[in-house]
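Below is one structure; the comments refer to it alone.
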4 protein chains.
Amino acid sequence: MTERSVKNMSPRTKKQFEEIRQEKRDLILNTALEVFATHGYHGASISTIASHAGIAKGLMYSYFESKEALLKAILEKGVRDILEVFEHMVNKEITPEILRKLLQTFFVQLKENGAFWRLYFAIAMQPSVMELLENEFESLVNPYMETLKRYYRGQGSKNPEADALLAHAIIDGITLNYVMVHHNFDMNKVEQIIIERLEKPSYL
Amino acid sequence: MTERSVKNMSPRTKKQFEEIRQEKRDLILNTALEVFATHGYHGASISTIASHAGIAKGLMYSYFESKEALLKAILEKGVRDILEVFEHMVNKEITPEILRKLLQTFFVQLKENGAFWRLYFAIAMQPSVMELLENEFESLVNPYMETLKRYYRGQGSKNPEADALLAHAIIDGITLNYVMVHHNFDMNKVEQIIIERLEKPSYL
Amino acid sequence: MTERSVKNMSPRTKKQFEEIRQEKRDLILNTALEVFATHGYHGASISTIASHAGIAKGLMYSYFESKEALLKAILEKGVRDILEVFEHMVNKEITPEILRKLLQTFFVQLKENGAFWRLYFAIAMQPSVMELLENEFESLVNPYMETLKRYYRGQGSKNPEADALLAHAIIDGITLNYVMVHHNFDMNKVEQIIIERLEKPSYL
Amino acid sequence: MTERSVKNMSPRTKKQFEEIRQEKRDLILNTALEVFATHGYHGASISTIASHAGIAKGLMYSYFESKEALLKAILEKGVRDILEVFEHMVNKEITPEILRKLLQTFFVQLKENGAFWRLYFAIAMQPSVMELLENEFESLVNPYMETLKRYYRGQGSKNPEADALLAHAIIDGITLNYVMVHHNFDMNKVEQIIIERLEKPSYL
DNA sequence: GATGAATGAGCTTTCATTCAT
DNA sequence: TATGAATGAAAGCTCATTCAT
């Protein structure tokens, strides 16, 4: 033990401890997201997650109660992060410019956070895993559908619901294809096409 | 028990054995599709599949070499069934009428075979399961993209690739939403909207 | 069904049935010996044995009560065959010539029946399998040790027991080496050396 | 529980972990040797080995990758131990005294390590298990045959190869008989006879 | 007698979770 | 807080044995 480390033995402040805990928690969360997204919930093991995060298996259990709790925490965080980005856009009146912005932001999100979306879809597809989650996701989808409807109504759509539905399907479809590994289309080009397309309602 | 079956103690004929095997193989295949679609590949256990099919665990292994082989067989059959339905439509010149027909057929397929599509997407989302499959699915997606492109070119699209991409995204998105349990929108209404919409190119 | 086979429906005589049964029994016995000798008792499966013999699994159970009973039958037959060959030599007074003959006969046996000896040793080495067999083998070893002792006493050995022991060890050792797969020494040459050597007692 | 251990809640040091692992590894290795030697490779179950070692089934897999890897480790260790004992004797010029010593050492080894030799022979007898092992054993047998040949040549044998072969067969035979459970001859007496006998060449 | 589909106990192996240190 | 050895339930898979035909 060096002189220095002896000096450092002075107790860390509560705040320091909390910061360290928070950092480690985030490390685990991010690592687990990657691993879950790659192998699926059942296919990913706590061992793998721990070793990817460079910590011991046991430590994970001091941050999360169980594997299931870890999954929930990941999804909660993911949903929260996304809502944070969009919430200030969603309740305003939406202009075509704002919609463009909104979509651009979404695509940035998607590219930065592909793993989350892959996990999201994988889980959404599996009723038995979905059950663990109750309605974690309702909050994610509903307000954005409403916003789309309002937008198309504002743009003079004769069938704003159909327009919103179409837009939703298009975005889901694009997200899906981006996220599916075997499919590496040129996202930047696609973005342009989609944004242009979604601006105008179909039902005029 | 009939008179005949009491007297007839001779062994089953080859044909009888083959029938039994074919029927049971199909039973296992169908049951396993349901269970995989519900719990995912790793989340579904052979035990569960067997008990759903009303057979003993061991019997599955007399029909399929392994859990992985079972998955592959399910997907092969699924892909084959779908290709069969579409192959006579795909290489013709496509008129709007034929496209309508094609989409209607697809939606019928989808409604009859939701479990397959759920499994398809769930697997496509998980690189580590996907690897087991090599490119089982390439054959499913490629020809149908080409057909779409040809159609929109024929309809005077200035950007047939973009139109095909949009159409693909829309269909994927709809399929996805239909297949995700928590979302039970009125498919019949959606179908009408989609079919109308996809008939005309966006880029004129 | 052909004319001919209809005519042949006349019941077979009891004797014919028994002959067929005996032949099939021997077929199973010989096949099982090979398979047991290659894979060991636990490593050999009834399926493998049946398919090597070209019969259905179930049929084996109409000839032998169980896998264990099959093993016992193999060993009983093997021991019986060997005793048959030697019994007329064993209780006579043994001359050097007869000993030579006896050893030659043994080596012929060994070469014709390597699988039996491999199985014999493999089983003798495993207390837990050996237990199934009670003292099937005592009868095989004892009389031949006595014969050796008598022989060396007759040849003027000062320690006939030691001489018999040596001879026994040498024969076991040779048999063992012949039977172990990875060791393919020139048996014909070895035979000569051994026979010469065993003729004379060591303790004079 | 000591004062110290109550207070000391710091994690085990690397060295402590290594010690635990080494000890447990040896425990598993030794226990498994006994169990394999008793029941054979296929007849011994991991469950049985674990319960004999007083550990949970799963723990074995934290020390060895598989049942097969466990077997290999046992044999590697056994071969290494034996080679260690003999290597300093094997490459010297061998006098009768050294041969006596060598044989005595071998018999001590044999008595201490009967289980290893039983396993060795049982495995050598089963081609299908032997295949797992590649030529683990070549290194064990070859140098010792060469040493024997050199010895008998030095002692004036006219046929040192035949003498070595005989010696080898005798030793194998004795080992075999010692190791076979149902045969409990007086090893000490046998040793004396063998050692005396092997000292002099047969071919003078 | 002959077949092979079917069973289920038991095997090898994995992994979420616990716990002494 | 942090470690990783340890557990045991449950997974995938095998195989001796049974039985309807």
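All heavy atoms count here, side chains included; hydrogens, waters and symmetry mates do not. Per chain, numbering begins at 1; letters A, B, ... match sequence-line order.
The side chain of Ile55(B) lies closest to dT7(E), out of dT7(E), dT3(F), dA6(F). Side chain of Arg21(C), nearest nucleotide from dG4(E), dG1(E), dG8(E): dG1(E). Taking every side-chain heavy atom of Tyr61(C) into account, dA16(F) is the closest of dT21(E), dA16(F), dT1(F).
For the pair Ile20(D) CD1 and dA20(E) P, the computed distance is 13 Å after rounding to whole Å. Between Ile49(C) atom CD1 and dT17(F) atom P the separation is 11 Å, expressed in whole Å. For Lys15(B) and dG4(E), the NZ to P distance is 17 Å, given to the nearest whole Å. Gln22(B) places its CD atom 13 Å from the P atom of dA5(E), with the value rounded to the nearest Å. In this structure, Leu59(B) places its CG atom 9 Å from P of dA5(E), rounding to the nearest Å. Spacing between atom CE of Met60(C) and atom P of dC19(F) amounts to 16 Å, rounded to whole angstrom units. Rounded to a whole Å, the NZ atom of Lys24(D) is 13 Å from the C1' atom of dG4(F). Separating the CD atom of Glu18(B) from the P atom of dT21(F) is a distance of 19 Å, rounded to the nearest angstrom.
Tyr63(A) has no side-chain polar atom (N or O) that falls below the 4.0 Å cut-off from OP1 or OP2 of dT1(F).
Side-chain N or O atoms of Lys67(B) include none that pairs as donor or acceptor with a backbone N or O of Ser45(B) at under 3.5 Å. Tyr63(A) contributes no side-chain N or O that, together with a main-chain N or O of Leu70(A), makes up a donor-acceptor pair within less than 3.5 Å. Remark: side-chain polar atoms of Thr48(D) are not paired, donor with acceptor, to backbone N or O of Ala44(D) under 3.5 angstrom.
Residues Gly54(D) and Glu65(B) both approach DNA chain F. Their nearest nucleotides, taken by heavy-atom distance, put Gly54(D) toward the 5′ side. In terms of position on DNA chain F, the residue among Phe17(D) and Glu68(C) whose nearest nucleotide sits closer to the 5' end is Phe17(D). Judged by closest nucleotide on DNA chain E, Lys14(B) is the one of Lys14(B) and Ala56(B) placed further toward the 5' end.
By the 4.5 Å heavy-atom criterion applied to side chains, Lys77(A) and Asp26(A) are counted as neighbours. Using a 4.5 Å heavy-atom cutoff, the side chains of Tyr41(A) and His42(B) are not in contact. Side-chain contact between Val129(B) and Leu71(B): present, with at least one pair of heavy atoms (C-beta onward) separated by less than 4.5 Å. Phe36(D) places a side-chain heavy atom less than 4.5 Å from the side chain of Ile49(D). Counting heavy atoms from C-beta outward, Arg21(A) and Lys24(A) have side chains that stay 4.5 Å or more apart. At a threshold of 4.5 Å between non-hydrogen side-chain atoms, the residues His52(D) and Glu34(D) do not count as touching. In this structure, the side chains of Ile28(C) and Leu59(C) stay at 4.5 Å or more apart for every pair of heavy atoms.
In this structure, Ser62(C) reaches the sugar-phosphate backbone alone: every heavy-atom distance under 4.0 Å involves primed, P, OP1 or OP2 atoms, never a base.
Consecutive Watson-Crick or G-U pairing (both distances under 3.5 Å) extending over three or more pairs maps onto DNA chain E as E:2-21 with F:2-21.
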Could you list the protein-to-nucleotides 9-11 of chain E atom pairs, N/O on both sides, closer than 3.5 Å?
{"from": "dG10(E)", "atom 1": "O6", "to": "Lys57(B)", "atom 2": "NZ", "distance (Å)": "2.9"}

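Taken to the nearest 0.5 Å, the CZ atom of Arg118(B) stands 12.5 Å off from the CD1 atom of Ile123(B).
For Ala69(D) against Phe64(D), the heavy-atom pair with the smallest separation is O-CD2, 4.4 Å.
The stretch residues 26-34 of chain D has no heavy atom under 4.0 Å from DNA chain F, so no residue of it qualifies as close.
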